[in-house]
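Below: one structure, written as structure tokens.
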Amino acid sequence: MTEREAMRDVLEEASRWLDDGHRVALATVVQTWGSSPRQPGSQLAVRDDGLFAGSVSGGCVEGRVVEQALEVMQGGDPRVLTFAVSNEEAWDVGLACGGEVQIFVEAVTP
Amino acid sequence: MKRATLQALQAARRAKRPVALVADLGGGREQLVYGDALDGLAPELAEAVAEALRTDRARRDGDRFVQPYPPPLRLLVVGAVHVAQKLVPMARAADYDVTVIDPRPAFASAARFGEGVTLEAEWPDEVIERLAPDARTAIVTLTHDPKIDDPGLVAALRSGAFYVGALGSRKTHGKRCARLRDEGFDDAAIARIHGPVGLPLGGRSPAEIAISVMAQITQVLRAPRGDG
């Protein structure tokens, strides 16, 4: 893998953060319904200071996912988040595309 | 995910070994399953992993989530010409491993392509046979020179590449098809070649042609039945 490829690879970025002594959580799209900007398997890596790489939506739900990821990193259980138009909270965070997405959030553990 | 799992996953990806992460969304357990070591697994799991790697699609089934990490898509470019200089960075942005093949050393020079691409200053048939193109490999010929393009196309048609394209006008392509027929390829084989290459976007410049080629490769990969 060249350096340029490594830079855009979410897991490579996560690995580098771990090497640097950070805690890291991963968020992965596991299922989608209707129109959703990112397919299952799309990933977001979150660092313990809130920096993130990758994406799990077109940018609509990343903020909320980062919050949850920080909680999981601090000892919370892995969790599956659901964002949908029918869910008012999700509407607030802005999944305006009319889809529904489930995202698995887990910490990288030693 | 355990850090050791992440490290093993990244090692497999660097080695270009097909691998899938099988995660239990309920209990948080996970395992790596290698595409070249499916024997001995529960048949249902082996099939799910093989399917995910084949289609490059992650899939949830109840609490089980299978995320495939197939080796990267590959693009083999015959002809280290101006269009290739534009096409290579586009293909890299779309996550292809790119190899540029041109037996003329003055063309296949690192100074013309920079880093992040493999250059092969050899005959295309030899290189293509060695690289064994598969269902995740696209091949495009860009030189206009039958001496260079034709051996590349012959090797491409004998491979399992998902896309074969050849730059050249309709007239050039007609002559090319006639030569390939003389080489013994039937109409079905020759019909695999996209020529004139690229989606008909109307562009003329090297960058515009590269866009139309990259767009067509993407269409054939992702929407094969929409291929015109």
Side-chain angles (χ1 to χ4, degrees), chain A residues 1-33 36 38-48 53-54 56 69 72-73 75-82 100-110, chain B residues 1-17 19-30 32 52-53 55-74 88-89 91-99 113-118 222:
Chain A
M1 202 174 296
T2 68
E3 193 176 354
R4 199 176 131 202
E5 281 164 313
M7 273 174 66
R8 67 173 179 236
D9 185 284
V10 172
L11 294 181
E12 199 62 38
E13 190 79 40
S15 304
R16 198 163 25 241
W17 291 341
L18 289 160
D19 290 344
D20 290 346
H22 288 283
R23 278 177 297 175
V24 171
L26 296 172
T28 306
V29 176
V30 292
Q31 202 159 3
T32 64
W33 294 264
S36 182
R38 297 302 318 271
Q39 295 304 299
S42 304
Q43 284 187 313
L44 181 76
V46 182
R47 203 166 82 170
D48 51 14
V56 288
V72 167
M73 251 181 262
D77 290 329
R79 58 198 65 179
V80 176
L81 310 175
T82 302
E100 182 173 334
V101 59
Q102 284 197 340
I103 297 168
F104 180 57
V105 183
E106 60 173 343
V108 181
T109 54
Chain B
M1 188 193 301
K2 295 235 175 275
R3 189 161 179 197
T5 305
L6 177 59
Q7 286 167 338
L9 173 58
Q10 290 300 84
R13 293 176 69 203
R14 273 191 293 272
K16 299 182 182 176
R17 186 180 182 196
V19 62
L21 178 68
V22 180
D24 171 10
L25 302 181
R29 284 173 297 117
E30 77 230 351
L32 292 180
L53 284 168
T55 58
D56 194 9
R57 294 214 192 285
R59 191 186 159 92
R60 180 181 185 179
D61 193 0
D63 266 353
R64 187 183 70 192
F65 181 63
V66 178
Q67 176 147 19
Y69 294 91
L73 292 157
R74 290 188 293 170
V88 166
R92 294 199 62 227
D95 288 334
Y96 284 73
D97 262 12
V98 184
T99 301
F113 285 90
E115 294 188 356
V117 53
T118 305
R222 301 298 181 198

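A note on names: the letters A, B, ... follow the listed sequences, proteins ahead of strands, and every chain is numbered from 1.
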Open item on the list: Just verifying a value: how many Å separate Gln10(B) CD and Glu12(A) CD, rounded to the nearest 0.5 Å?
Closed with: 5.0 Å
- [ ] Drop me the distance from Leu11(A)'s CG to Leu6(B)'s CG, to the nearest 0.5 angstrom.
- [x] 6.0 Å
Task: Contacting region of Leu9(B) [heavy-atom separation from chain A under 4.5 Å] - done: side chain
- [ ] Give the C-alpha distance, both sets of side-chain angles, the deciding distance and a yes or no for salt bridge (Lys or Arg N to Asp or Glu O under 4.0 Å) between Arg47(A) and Asp20(A).
- [x] CA-CA 11 Å; Arg47(A) 203 166 82 170; Asp20(A) 290 346; 5.5 Å; no
Task: Proximal component of Leu18(A), with respect to chain B [non-hydrogen, under 4.5 Å] - done: both
- [ ] State the CE-CG distance between Met1(B) and Leu32(B), to the nearest 0.5 angstrom.
- [x] 8.0 Å
Open item on the list: At a 4.5 Å cut-off on heavy atoms, which part of Val29(A) comes close to chain B: side chain, backbone, both, or neither?
Closed with: backbone
